[in-house]
2 protein chains.
Amino acid sequence: MDGHTDTRMTESAGAGRDAESVSKFVESFAAQLVEAGMQRMAARVFAALLASDKGVLTSAELSEQLQISPAAVSGAVRYLAQTHMVSREREPGSRRERYRVHGDQWYEALTNREAVLKRWEAALRDGVNSLGPDTPAGRRLAETLAFFEFVEVEVASMMERWRVHRERTFGQG
Amino acid sequence: MDGHTDTRMTESAGAGRDAESVSKFVESFAAQLVEAGMQRMAARVFAALLASDKGVLTSAELSEQLQISPAAVSGAVRYLAQTHMVSREREPGSRRERYRVHGDQWYEALTNREAVLKRWEAALRDGVNSLGPDTPAGRRLAETLAFFEFVEVEVASMMERWRVHRERTFGQG
DNA sequence: CGCTTCTTTCAGAAATTTGTGAAGTTAAGG
DNA sequence: CCTTAACTTCACAAATTTCTGAAAGAAGCG
């Protein structure tokens, strides 16, 4: 109950860190992400990377730590890479791939929601046109569209402010 | 191909509007929402409301327009109401319920993401504590936490700006 | 007070998603 | 060039989710 006990232990996954604490965090944070709509394996992989010592793990390490097949790791990582939540690296001169989160990850991910927004906006624009901009429904769609456009711009500048704030607070990590 | 043709037609759903245009918009916008993670029926109901004349439809109208059972409407609406995407009204002196989107809906919905963020933050705080704030992983979690806290504040003020902007542009809808 | 109309709940059928083992592919190292 | 180590793809089994019809539950209205 008092946070940060020191049951450090049984090496296993990392450099002798408390495997149980790590696992507890991974599972509970992943559960929250799942509840918000992320696929389970992707959420677990992401959480495991967040909680890892260097922010980097190999496929084999993930597979062992989370008790899932290499295939599952592969699928999860594909999803995470597509959505820019992790990046994949290849240790030169090895066929081992390493997956990494960096501090900037959420920044990246949010920035990429832009693509989704754009598609929504396109659908809305079509709607405004085909229903007519001067019908009640058309006006409603137009207002929705305006909201998204507003958000898009605002999020961009918000992210800029985060970059500044972050550098001040954490150095460039 | 040229947007806004005037095949107005076959009454059917609304007040003699072009049912086909409406349906096209509904299905394509809903598809985008689904792709972004929303349940299909919820997405279709929401899109139908957006494209409706008054922003209000009864259960029966939704059921007929979307060709789904009343049960499906019920489930979709429950979800949408929970997430504050629609509000339910009861026409006084009738057991007919009416569901409404208003222009402010996205504002509402986004505001309510706050609850989700709070849970994420809680999970992260636990993680920082149990892994230790001075470990590399702990620092990474702390930075992630800081990002969410930053976003939470920023989104709040962004929404305030939207309210102002909206009123200027559209009047109070 | 019971009838009628609308909505919700429930159990189950159907469809979709998820995770696995096994085979396939790529690339390093001898 | 062959072997071997690693990741990916594929087909399938299992679990979960989704939607429906049917029954049950409210609430107006006679």
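In what follows, chains carry the letters A, B, and so on, assigned in the order in which the sequence lines appear, proteins first and then strands, with residues in each chain numbered from 1. All values below come from the heavy atoms of this structure, side chains included, with hydrogens, waters and symmetry mates left out. Predicted, not measured: the structure shown is a model, and the values here were computed from it.
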*Can you check the A:Arg88 CZ to C:dT26 P distance for me, whole Å?*
15 Å
*To the nearest Å, give me how far apart CD (A:Glu64) and P (D:dC7) are.*
14 Å
*Describe, in one word, how the ring planes of B:Trp162 and A:Phe150 are oriented to each other, choosing from parallel (under 30°), tilted (30 to 60°) and perpendicular (over 60°).*
tilted
*Quickly work out the A:Glu97 CD to C:dT25 P distance and round it to whole Å.*
18 Å
*Whole-Å distance separating the CD atom of A:Glu91 from the P atom of C:dT26*: 22 Å
*Name the residue closer to the 5' end of DNA chain D, choosing between A:Arg40 and A:Val77 according to the nucleotide with the nearest heavy atom.*
A:Val77
*For C:dC3, does OP1 or OP2 lie under 4.0 Å from any side-chain N or O of B:Arg95?*
no
*Where does the angle between the aromatic ring planes of B:Trp120 and A:Phe29 fall among parallel (under 30°), tilted (30 to 60°) and perpendicular (over 60°)?*
perpendicular
*Whole angstrom value for the distance that separates C1' of C:dT8 from CD1 of B:Ile68*: 15 Å
*Any side-chain N or O of A:Ser59 under 4.0 Å from OP1/OP2 of D:dC7?*
yes
*asked:* Against B:Tyr99, only a single residue in B:Thr58, B:Leu62, B:Leu57 fulfils side-chain contact (heavy atoms from CB on, under 4.5 Å); can you say which?
replied: B:Leu62
*Toward the 5' end of DNA chain C, which comes first, A:Arg90 or A:Val73, by nearest nucleotide?*
A:Val73
*Where the side chain of B:Ala71 is concerned, which of D:dT9, C:dT8, D:dT20 is the nearest nucleotide?*
D:dT20
*Charged N to carboxylate O below 4.0 Å: is that the case for A:Arg96 and A:Glu91?*
no
*asked:* Just to be sure I understand the rule, does B:Tyr99 reach a base, reach only the sugar-phosphate, or reach nothing, if contact means heavy atoms closer than 4.0 Å?
replied: sugar-phosphate
_Both A:Ser94 and A:Gln67 contact DNA chain C. Which one's nearest nucleotide lies toward the 5' end?_
A:Gln67
*Do the charged groups of B:Glu114 and B:Arg119 touch, with an N to O distance under 4.0 Å?*
no
*Quick one: which of C:dT9, C:dT20, D:dT20 gets closest to the side chain of B:Ser69?*
D:dT20
*Counting any heavy atom closer than 4.0 Å, what does A:Gly75 reach on the DNA or RNA strands: base, sugar-phosphate only, or nothing?*
nothing
_Integer-rounded Å distance: D:dT17 P and A:Gln39 CD_ = 13 Å
_Please confirm whether the shortest side-chain N or O distance from A:Arg96 to OP1 or OP2 of D:dC7 is below 4.0 Å._
no
*For A:Leu66 and C:dT20, what is the distance between atoms CG and P respectively, to the nearest whole Å?*
10 Å
*What integer distance in Å separates A:Arg98:CZ from D:dA6:P?*
14 Å
